[in-house]
Protein chains: 2
Amino acid sequence: MKSSAKEKILDAALSVIRAKGYSATSVDDLCAAAGVTKGAFFHHFKSKEDLAVAAAQYWSDMTGKLFAAAPYHAHERPLDRVLGYVDFRKAILQRSLPEFTCLVGTMVQEAYDSNPAIRDACARSINGHAHTLEADIDAAINEFGIEPPWTAPSLALFTQSVLQGAFILAKAKNGASVAADCVDHLRRYIEMLFSQPQVKEYAP
Amino acid sequence: MKSSAKEKILDAALSVIRAKGYSATSVDDLCAAAGVTKGAFFHHFKSKEDLAVAAAQYWSDMTGKLFAAAPYHAHERPLDRVLGYVDFRKAILQRSLPEFTCLVGTMVQEAYDSNPAIRDACARSINGHAHTLEADIDAAINEFGIEPPWTAPSLALFTQSVLQGAFILAKAKNGASVAADCVDHLRRYIEMLFSQPQVKEYAP
DNA sequence: ACGACCATACCAACCGGTTGGTATGTTTGT
DNA sequence: ACAAACATACCAACCGGTTGGTATGGTCGT
């Protein structure tokens, strides 16, 4: 049997925690969703916190594969790859709410102050994903020959900020359309950054 | 006695829930932080859920007063008021992490799927706050005589998306500087929207 | 003025159910 | 045979919520 209990528990964690949040998800919930017993759970994870850290890593692995295999990498021009990433994120919003939201974005809100191990695991996941954008952004900067007052890592993190915030708005409004609007603004911002001379700081 | 038990519980809710999250915050936690007994709690709130809904409203009232009294409204030009709002948000980031983050943004992540009453209360709070920006944005559109492909409500919600996402990144990285960077990007975007002809959709 | 009446505000003790976690098996793969 | 992979049974602590009760202060008829 390849899909072992451990993997079933991790899969269950992704969906259940994204729907209910980390604290509200009990170990029993996870076991029921995974179809395993508590004994199996504590055989593979020494605590609920340990599961959360493993789930964050598992989430990174899964999404890493998803984005690595996405078609936007095929674009020749760096800016097209960056905008292709944004379009790809927008396309994912078609799925249902608990399916397109972010596991680590949800967990870190509950754990940042009380559980450093989970917080750091979430930070690694977000930073790692943002990092995959930096090379293309830097290449686009070179392609356009601009000398922007911002850096590639900073813009990469900004895209994540918009997406994480869009998820929150989508949850509040119980629909994805507001998130799609936010992604549109993000796309327009990136287009503008590469389509014209940088504006000077506006200070009245 | 002016500061009654009810108000002490609500004040405690704002800080404790922002630090620990909604589910991880027990009624006993709230009572201990507020210095009241459980009897007092359930006298004023018929359930923990009821407290959460009331806390979201209380949060709206508090932040509403804060932003209504903020100095950026004094600017003559509408765009200066919009940018002044952004700068004001950035200034608030100086405070400590649990102090500058958003109660309803935290709660809605845990409640959107399992607790519609809390979700709707959070949505009202976010929408209400975003709405306070719309008049200035519309006035800025008129001032500049532009006909943008986006609407004032959409841009107002986008600002909230950036801020909510910035809070998540700040929690993950355990520091406010990444949030400040995001707000800088947001400011640059708004400046660009009003400082040049709109770019056409970029489609390779 | 004054007790009868009553609503509000609050309290300490308690309840049944759930929690994360453990102790002790039993099954399975090699 | 033997360890890793699972299952069963169980526990102490904690959970949200209820209980029966007290203290306070306002309102009413008289």
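Owing to the predicted nature of the structure, the values given are computational and were not obtained by experimental measurement. Residue numbers start from 1 in every chain, and the chains themselves are labelled A, B, ... in the order their sequence lines are given, proteins ahead of strands.
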* Taking it one step at a time, do B:Arg77 and B:Glu143 satisfy salt bridge (Lys or Arg N to Asp or Glu O under 4.0 Å)? -> CA-CA 8 Å; B:Arg77 298 176 62 209; B:Glu143 184 197 11; 2.9 Å; yes
* To do: List the steps, then state whether salt bridge (Lys or Arg N to Asp or Glu O under 4.0 Å) holds for B:Asp113 with B:Arg119.
  => CA-CA 8 Å; B:Asp113 197 50; B:Arg119 180 193 65 212; over 6 Å; no
* Could you walk me through whether B:Glu99 and B:Ser96 pass the side chain to side chain donor-acceptor pair (under 3.5 Å) test, one step at a time? => CA-CA 5 Å; B:Glu99 280 176 277; B:Ser96 81; 2.7 Å; yes
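Summarising the geometry, the separation between CG on B:Leu10 and P on C:dA9 is reported as 13 Å, rounded to the nearest angstrom. Between the C1' atom of D:dA4 and the CZ atom of A:Phe42 lies a distance of 19 Å, rounded to the nearest Å. When rounded to the nearest whole Å, the span between NZ of A:Lys46 and P of C:dT22 equals 11 Å. Residue A:Phe41 contributes atom CZ, which lies 17 Å from atom P of D:dT8 at whole-angstrom precision. Atom NE2 in B:His44 sits about 17 Å away from atom P in C:dA7, given to the nearest Å.
For the helix from C:dA1-D:dT30 to C:dT30-D:dA1, the terminal axes (five pairs an end, C1' atoms, rotation from four pairs onto the next four) enclose an angle of 20°, given to 10 degrees.
A donor and an acceptor atom, one from each side chain of B:Tyr72 and B:Asp80, are nowhere located under 3.5 Å apart. For the residue pair B:Ser60/B:His129, the side-chain donor-acceptor check at 3.5 Å is not satisfied.
Outside the 6.0 Å centre-distance limit, the rings of A:Phe88 and A:His73 are not counted as a close aromatic pair.
For the pair B:Lys48 and B:Tyr22, the cation sits on the ring face: its NZ or CZ lies under 6.0 Å from the ring centre, inside 45° of the axis.
Look at A:His43 and you won't find any side-chain N or O under 4.0 angstrom from OP1 or OP2 of D:dC6.
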* Could you run down nucleotides 11-19 of chain C 5' to 3' and tag each one B, S or - for protein heavy-atom contact under 4.0 Å? -> BB------S
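B:Thr106 and B:Ile17 make their closest contact through CG2-O, 4.1 Å (heavy atoms, listed as atom of the first residue, atom of the second, distance).
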